[in-house]
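Notes for the one structure printed next.
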Amino acid sequence: MDITFSAEELAFRDQVREFLAQNWTPDLARRIRGEDEEFKAAQIEWQNKLNDKGWLAPGWPVEHGGVAWSVTENFIFETERSLAGAPDVVPFGLKMVAPVIYGFGNEEQKQRFLPRILKSQDWWCQGYSEPGAGSDLAALKTKAELDGDDYIVNGAKVWTTYAQYADWIFCLVRTDASGKRQDGISFLLIDMKSPGITVNKISSIDDHHSLNEVVFDNVRVPVANRIGEQDKGWTYAKALLAHERTSIAGVADSKRRLRDLRKLLSEEISGGRPLIEDVQFQNRLSNTEIELMALEYTELRVLASTADGKGPGVESSLLKIKGTEIQQAIQQMYMDLAGYYSGVLHGDETAESIGHAFGHDARKAYMYGRAATIYGGSNEVQKNITAKYVLGL
Amino acid sequence: MDITFSAEELAFRDQVREFLAQNWTPDLARRIRGEDEEFKAAQIEWQNKLNDKGWLAPGWPVEHGGVAWSVTENFIFETERSLAGAPDVVPFGLKMVAPVIYGFGNEEQKQRFLPRILKSQDWWCQGYSEPGAGSDLAALKTKAELDGDDYIVNGAKVWTTYAQYADWIFCLVRTDASGKRQDGISFLLIDMKSPGITVNKISSIDDHHSLNEVVFDNVRVPVANRIGEQDKGWTYAKALLAHERTSIAGVADSKRRLRDLRKLLSEEISGGRPLIEDVQFQNRLSNTEIELMALEYTELRVLASTADGKGPGVESSLLKIKGTEIQQAIQQMYMDLAGYYSGVLHGDETAESIGHAFGHDARKAYMYGRAATIYGGSNEVQKNITAKYVLGL
Amino acid sequence: MNFNLSEEQNMLKDSVARFVQDEYDFETRRSNAANPLGFNPDNWQTFAELGWLSIPFEEAYGGFGGGPTDVMAVMEEMGKGLVVEPFVATVLMFGGLLSKSDNPALKDANIEKIIDGSLQGAFAYVERQSRFELADVKTQAKRDGDDFVLNGEKTVVFNGAAANKVIVSARTSGEQCDEAGITLFLIDADAPGVERTQYRLMDGQLVANIKLTDVRVAASQVVGKVDEGYTLIDSVVSDVTIALCAEALGIMQKLNTTTIEYTKTRQQFGVAISSFQALQHRMVDMFMAGEQAKSILYRAVCAAEGEADDLAKNIAALKVMIGRNGKLIGDEAIQLHGGMGLTDELDVGHYVKRLMMINTTFGDADYQQQKFNRLAYAE
Amino acid sequence: MNFNLSEEQNMLKDSVARFVQDEYDFETRRSNAANPLGFNPDNWQTFAELGWLSIPFEEAYGGFGGGPTDVMAVMEEMGKGLVVEPFVATVLMFGGLLSKSDNPALKDANIEKIIDGSLQGAFAYVERQSRFELADVKTQAKRDGDDFVLNGEKTVVFNGAAANKVIVSARTSGEQCDEAGITLFLIDADAPGVERTQYRLMDGQLVANIKLTDVRVAASQVVGKVDEGYTLIDSVVSDVTIALCAEALGIMQKLNTTTIEYTKTRQQFGVAISSFQALQHRMVDMFMAGEQAKSILYRAVCAAEGEADDLAKNIAALKVMIGRNGKLIGDEAIQLHGGMGLTDELDVGHYVKRLMMINTTFGDADYQQQKFNRLAYAE
């Protein structure tokens, strides 16, 4: 039992802090909060800065441009990044499709896709969920039929985040409908510029455009874009799901959000007293903070066990469930702090001219946050998985 | 929408208060808190006083000695009784078997059993649950085989409250194992003095003797003691279950317990301040009090709907679930109020000489109270019932 | 004791239900909300014709003379339809203050116009710093001869964009948070010195901030008595709280029904998700939360009808439970709808947003619980 | 960064686990608790022989020199066996105060005897009025020449019935709730003027109230410094809190395992109740509660090992979570065992009772949360 930092680790922390101080500028922070193209350009700029430093791809094999951080270094980086308010990378390319490509792709695929992901030249999105198959991934119906050297893909994917920006989509498609539901699924990489692809915006409750439906109408996809073997896609996707759950936990970001919330609570006056002095609000804060203190160590335990070669495993469901519950509890506190102003939509007027500057952001985060317990396998499905594979029920 | 009391109802309330002031004496209150025979005698004395006044059996047909109170009168009586700290009647005879007897029994059975119940000459207990069948009542295995004018009963019942005092037990027994599980069950009244009956004490977590196992070894029960038709017992029992749930809610008693708790909280000092001034404890109190304020009206709505001839119906599950949750929340608060003294078992010393006088009682109530969410059909089963019959799921 | 509506009340409730059924499908509601006024003025005329705008007013002024039960019956149904027309702002808040003000001249001049639908009103009581404290009033009113001169800013004024007249709380004496020293003024929304900034809330309401710069108001336009406005505010806020909670109950019932229906049709893992026991138990929790909310609403309405001593405590309890149970039902409704619950096209999110705004209005569940604690446990 | 035990710690943990496995089945435990001492003295000798009684003491006094991690490893396994022998009272509390007291004479005279098993100790800190406030001390100690004379009453003294010696907190100066002015005295349990009343707690512990009437104690028997006892108490209570929480973790793990096993065998409605999804999800909640408790225990142990600045905050957080998650697990364990969970014959209720006593000791979850709030949010 030891979590004290070594001298080397402390030096690394200083290095991270220095990097953030120089590169995570207020101007970049402002632009990244923007909409559409402004956001996209700023996000890419940020990722390129990380890549220039060689810090964009922890966990990737070093020969493909990854950085081989220890669990502790990773923890230090994430903590510092988050406390500085800098965002995570967009996960679809770097954290989701890349591990599948370097884990199961062929050499040509690795050479073709990984460098462009590192340089943020391709923006990726994820094509898993379908209108009929939400958390029940294996029920997917989008089908791919072989026609010479191509697959012909027909069907639709939904809840596709940032599909409107994407150059590529990675998809689970059905190549054989005869066997068990998990069999007969293949993993395809599809160019979003292919003829026959339509992206339909989904208006969502956060009044922000992030979700889309992606429709495939006789889309031709070269067989060369298939990862691994035909009909074995489920195996490749599964390896990735545990990782997705772990990163959804968002522990470092929740820590920063709580810290900022505390500050706002000490500035907000209710009945002549700062709201932070209100015992009821203190209890809500500490209920969440204590869960988060524990979850931070749960995550470290999972990471340490991964480093020991045991893999994140099914305990990652716990991280996903608790992590998203904590996120939502924090979002709720921001809403309650903002009071009447939590309802304000952006109009011609800025939030500042109306009331609290943070009301609008609180609402956006709250509404978008409703998705966290649903995507990546709903929390109910995570409980089913835990009941079956961890508890043996 | 009207709940104001009429002049007649106010007069009735005064009458109830006067009765309680005269009959619910401190001496009786002391004895009824005693153990074993002292408790039993005091309980019977109290029921006889109610019977002398004609108030023992609300809901019974008047011709059998019942009192035809309106919903409001019943509410007034229960509220006043509870606020005075007087206990409810023991339900097994008066509230559980009696409605089955006057509802489904024959004339001879009515004449034989009802007067003795009213006079508390027979102490009844309930033989429903079995070792293998808890909330799944219909899985019962105790069997009764016809032999001339008798049934021969073999099997065992568990969790039988106060079987050690009982003169009679009403039982569900299996008379036919061939059909659907709910069919082939009969409803028998069995004399506890019958040869072949053994009562085994179950030591329970409250260190108090209330639960028992009742074993039947070739017990002869006259067919005359069967209610209604053979194999139709489930129908009679079911009619009773909804009523049981309603009375388990214990709204009036919870009101008194909360009132008394408030007083104790204002006397207990923590860090120089009365505990009632602690915002956290206030919130726990009000969380429970507000639920109870609502549940009181839920109960009134159910009662009013019963009075309109609509029957308590399946909504009674809600009363049972919420009512028992409230009881347990109150028990927990007493425990937390008592602090270290919540753990004190009775020994040679009285509770007063050790620390808080109420610590021992708090623990007993808490431990016994764990049963409330389990008996009468566990709260999980109540949710299944509500899902199926109320929500149509 | 009875919890039945009178025949008249049942007719009223049915008429609102029928209106919602026939005239207020989800797409129509969307276009009503998108109207530059924030609601559909034709509907408002319909409300006038159906007599709904007269409900809480005394018969002497042409009103229906309805009480809390009548208002509850109407609001529950309006909740089910997510009606955006400003019944609460104009009739219950603005109209309520006038109605309870004991000022015949102002009543004569205004109530009739509310009832015939020609006058839109608003009550401006929130300030930037006030949070949920009704007595936290910085807006100043200085006497100048027969007039008062108002300076300050009010925020989040419900129906503030469409209102022809606004009742404004302002300080005529006392310190910033004192209950004494608050006076209510009836002003024209286009009076010189009144500057409005309109914006939308997430529940579709069009609201406004109102800046007051040397706004001159005749003393005859004081609603109630000088320095004694707080009592009037408190009483009307109490009535309106019941109304909003009845609206919330309608919404909760709608969300429960919708969620149950959705889970019966949604297939996952080869079966309808309504067959999953874990979800069934959670829907039972939603059902119980709705029934308990209904009970405590009835309790508060009975207390208001009977002018019970513990009315304030009942109303605080009501607001706490509506806030908490509303949150439980809203959260579960979205979660059980899965991805569909996140879309703006389904009505679920809109119901949830309205529940959230009702929770916030006049203080959220936490705030109201502290009020309850003070009433119940402070010696 | 690593969360592994050292080889030595693993051996220690295994030896406790083996003892529990071999020597501490449920019936044996029951008879150990029923012993007039409140525990089995033969076991105590075994503990001494296995070296467990030496764990936290400095090597200079014959100790093992163990730290928080060693104690955690032992206590987690003791929790699983519901061991009633007073390891916490004698070794960690009584021994801990001596060990941290910087008083070589008292250490020389006592620690060796603790380690060889011949000395039973107790720490008397609760008073009738004190609730969870360690500084609320009314017991008076007046100086009289080279002695102090003690008067007062201590309640709920763990191991108070069997203890040969007792450390008593008493006030030598200051007001009733002041942290300054508390002094710790080492007294013989059978000294003149000491009157003990023993009784049992629901978790099987035999405890005592101790009345002190003109009890004369030499100044040389002051543990630590006069008037400065509070700092010592605070430090030892912090260590013992971690130990008790490790015990609680062992109990929670045991309850989780037992409950899962029970539901797999218990049939209702024709199937094992473990197949009901609603119960499965609740068992997942129990599992998550246990894992989170384990994580925050590790966090507190790491903070203690590293003597971190925010140790106090970590310990308060630990105690809150152990209290709350312990309650969740205990409640669910009983509920999912149905009627069987209510019987004294099954071990479930006994585990739950011990969890409840641990929650109460040094302040329950609510109390500790307020402490956390003060540490975290008071400027």
Side-chain angles (χ1 to χ4, degrees), chain A residues 1-6 9 70-76 258 262 265-266 274 276-287 289-305 307-308 315 317-319 321-322 325 379-380 382-388 390-393, chain D residues 1-6 9 67-69 72-73 256-257 260 263-264 272 274-277 279-288 291-306 308 313-314 316-318 320-321 324-325 366 368-370 372-379:
Chain A
M1 300 278 293
D2 183 15
I3 59 128
T4 46
F5 294 148
S6 68
E9 287 161 348
S70 68
V71 170
T72 310
E73 284 166 332
N74 205 74
F75 172 73
I76 288 171
L258 262 187
R262 270 213 301 266
L265 282 168
S266 64
I276 189 79
E277 291 178 14
D278 178 294
V279 176
Q280 198 160 11
F281 229 119
Q282 286 186 350
N283 279 342
R284 289 177 63 187
L285 266 181
S286 49
N287 282 342
E289 185 162 353
I290 291 169
E291 280 290 341
L292 185 59
M293 287 168 73
L295 196 68
E296 186 173 16
Y297 270 63
T298 302
E299 185 175 64
L300 290 175
R301 286 169 53 208
V302 170
L303 293 174
S305 135
D308 287 358
E315 288 82 357
S317 290
L318 191 167
L319 284 176
I321 295 170
K322 282 282 168 190
E325 285 175 358
N379 285 17
E380 289 76 17
Q382 303 300 335
K383 288 193 180 181
N384 290 345
I385 291 172
T386 307
K388 185 165 176 186
V390 184
L391 307 187
L393 295 172
Chain D
M1 174 159 47
N2 82 80
F3 299 105
N4 303 322
L5 299 182
S6 69
Q9 288 163 345
T69 309
M72 175 183 77
N256 279 348
T257 316
I260 287 170
T263 61
K264 284 180 181 169
S274 64
S275 67
F276 293 128
Q277 192 193 33
L279 303 195
Q280 288 183 352
H281 281 202
R282 283 160 62 174
M283 285 187 272
V284 170
D285 290 340
M286 294 167 76
F287 164 74
M288 293 196 299
E291 289 300 308
Q292 285 283 84
K294 185 176 192 172
S295 293
I296 207 154
L297 174 65
Y298 282 14
R299 182 179 189 116
V301 168
C302 287
E305 290 281 3
K313 193 178 141 185
N314 276 299
L318 167 64
V320 171
M321 183 167 268
R324 298 263 165 81
N325 292 12
D366 281 5
Q368 293 286 343
Q369 185 168 21
Q370 301 214 13
F372 181 93
N373 290 346
R374 277 195 305 276
L375 292 166
Y377 310 126
E379 307 303 89

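The chains referred to below are lettered A, B, ... by the order of the sequence lines, with proteins before strands, and numbering in each begins at 1.
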Quiz item: Hey, which of A:Leu265, A:Val71, A:Ile321, A:Leu295 has the most heavy atom pairs under 4.5 Å with chain D?
Solution: A:Leu295
Exercise. May I ask you to test the D:Gln369-A:Gln282 pair for a side-chain heavy-atom distance under 4.5 Å?
Key: no
Practice problem: Measure across D:Asn314 and A:Met293 and return the closest heavy-atom pair with its distance rounded to 0.1 Å. | Solution: OD1-CE, 3.2 Å
Quiz item: Taking all non-hydrogen atoms of both residues, which atom of D:Ala300 and which atom of D:Leu318 are closest, and how far apart?
Solution: CB-CD2, 3.7 Å
Exercise. Name the member of A:Val279, A:Thr4, A:Leu393 that forms the most heavy-atom pairs with chain D at distances under 4.5 Å.
Key: A:Leu393
Practice problem: Using a cut-off of under 4.5 Å on heavy-atom pairs, state which of D:Arg299, D:Glu291, D:Gln370 scores highest against chain A. | Solution: D:Arg299
Exercise. Heavy-atom distances under 4.5 Å only: say whether D:Gln277 touches chain A with side chain, backbone, both or neither.
Key: side chain
Self-check item: Contacting region of A:Glu291 [heavy-atom separation from chain D under 4.5 Å]
Solution: both
Quiz item: A:Leu300 versus chain D, heavy atoms under 4.5 Å apart: side chain, backbone, both or neither?
Solution: both
Exercise. Without swapping roles, check the side chain of A:Glu299 against the backbone of A:Glu296 for a donor-acceptor pair under 3.5 Å.
Key: no
Quiz item: If you take all heavy atoms of A:Ala387 and D:Val284, which pair is closest and at what distance?
Solution: N-CG2, 3.7 Å
Self-check item: Residue D:Thr257 versus chain A: region with a heavy atom under 4.5 Å
Solution: neither
Quiz item: Taking all atoms of both residues into account, what is the closest heavy-atom pair of D:Ser295 and A:Thr298, and its distance?
Solution: OG-OG1, 2.6 Å
Quiz item: Which of the residues D:Gln280, D:Glu305, D:Arg324 is involved in the greatest number of heavy-atom pairs with chain A at under 4.5 angstrom?
Solution: D:Gln280
Quiz item: Is the NZ or CZ atom of A:Arg301 both under 6.0 Å from the centre of the six-membered ring of D:Tyr298 and within 45° of that ring's axis?
Solution: yes
Self-check item: Under 4.5 Å from a heavy atom of chain A, the part of D:Ser274 involved
Solution: both
Exercise. Let me know if A:Glu289 has heavy atoms under 4.5 Å from chain D in its side chain, its backbone, both or neither.
Key: side chain
Quiz item: Can you say whether D:Phe3 sits under 4.5 Å from chain A via the side chain, the backbone, both, or neither, judging by heavy atoms?
Solution: both
Exercise. Determine whether A:Leu318 and A:Gln382 make a side-chain contact, defined as any pair of heavy atoms from C-beta on separated by less than 4.5 Å.
Key: no
Quiz item: Non-hydrogen atoms of chain A under 4.5 Å away: do they reach the side chain of D:Asn256, the backbone, both or neither?
Solution: neither
